[in-house]
Each structure stands twice: as C-alpha cells, then as structure tokens.
Amino acid sequence: MEDNGNFEKGPDDGFTQANTYQNTQQNLAQMHSQSTESASGFAIAGMICGILSIICCCAWYISGILGILGLVFSIMVIVRNLPGKGLAIAGVICAAIGLILAIGLLVFALSLDRGLSSVSPSEWRSLIDSIESMQ
C-alpha cells in the first residue's frame, strides 16, 4: 500500500486531509486573535495608579487619590468585562495595598503628632540628656 500523505476516508470518520488542514488553520487563527487581544486603557491605567499608590504611600494624600483612581479604573474593567482582566485584578490588589499603607501611615502620623505635642521642651531635653549619659 502506497502512503501518499492523504488520509483515506474510513467508515464514518469524516476526516480528510483538506478538512483537517482547514480546521487546524481555523483553530490557529482563533488562538492568535485571542492571544493578541489588547488590554483596555482602563486596565492599564488602573494598574499604573495602583503601583504609583504603593510608591507614593508616604505622601498619603497622593497615594489615597491614586489608590481610589486605581480601584475605580480596575473595577470598571472587571464589571464591564473589558479585555485586560488580569491587569485589572493586579490593579485592584496594588491600589488596595497602596490605600492600606496610606491610611496606616496617616493614622501613625496623627497618633505620633498627638503624642509628641503633649511633651514639653524641658522633658525633651531631659530625655536627650539621659540618652547621652548612656553612651
């Protein structure tokens, strides 16, 4: 029996070389279109705002604004089912971390400010002198 690369149609198998080639080409085209689906601008903006909110966490007012924007953009992508869902999820995580850091540092700064304002200058001087005497 000579093998010329063609599939011979057997009983009820429905395969021929032309059908197999055409199905393969359609599957490859479909996979390519799915893999090159670009992320939406909102997903990218949410991710960038989330990352910047972490970086700027010491400036709580900037970090808070960026964190809120990052959450809004990222949640909008997830709710509207736009492309770039992975970036949007990462944006939500980064924005939430940035907001938590900003709020934590704000609370720490306010508690530190209230604690330090009750200390008189003479108490500060005695504290400094006691630290210097330890050395």
Separation between CZ of F73 and CD1 of I78, rounded to the nearest 0.5 Å: 14.0 Å
Between I62 and L101, is there a shared hydrophobic cluster once you connect ILVMFWY residues whose side-chain heavy atoms come closer than 4.5 Å? no
Membership question, hydrophobic clusters at under 4.5 Å side-chain separation (ILVMFWY): are I89 and I68 in the same one? yes
Donor-acceptor pair, distance only, cut-off 3.5 Å: does the side chain of S53 make one with the backbone of S63? no
Indicate the atoms forming the closest heavy-atom contact of P83 with A43, along with that distance. O-CB, 4.2 Å
Is it true that V107 and Y61 fall in one hydrophobic cluster, defined by side-chain heavy atoms closer than 4.5 Å? no
Per the side-chain contact (heavy atoms from CB on, under 4.5 Å) rule, which among D129, I128, L127 passes with I131? L127
Give, for atom CG of L66 and atom SG of C57, the distance between the pair rounded to the nearest 0.5 Å. 11.5 Å
Do you know which two heavy atoms are closest between S74 and M47, and how far apart they sit? OG-N, 4.3 Å
Between the CD1 atom in I100 and the CG atom in L105, the distance rounded to the nearest 0.5 Å is 12.0 Å
Between atom OG of S40 and atom CE of M76, what is the distance when rounded to the nearest 0.5 Å? 8.0 Å
Minimal heavy-atom distance between G67 and A95, with the atoms involved, is O-CB, 3.4 Å
Determine, step by step, whether L99 and L71 satisfy the side-chain contact (heavy atoms from CB on, under 4.5 Å) criterion, reporting the C-alpha distance in whole Å, the side-chain angles of both residues, the deciding distance to 0.1 Å, and the verdict. CA-CA 10 Å; L99 280 174; L71 281 175; 3.4 Å; yes
One should read off an interatomic distance between I48 CD1 and I55 CD1, to the nearest 0.5 angstrom, of 10.5 Å
Linking I/L/V/M/F/W/Y whenever any side-chain heavy atoms sit under 4.5 Å apart, do I51 and I44 land together? yes
Nearest 0.5 Å, please: how far is CD1 in I54 from CD1 in I93? 10.0 Å
Linked, directly or transitively: L69 and F42 (ILVMFWY side chains, under 4.5 Å): yes
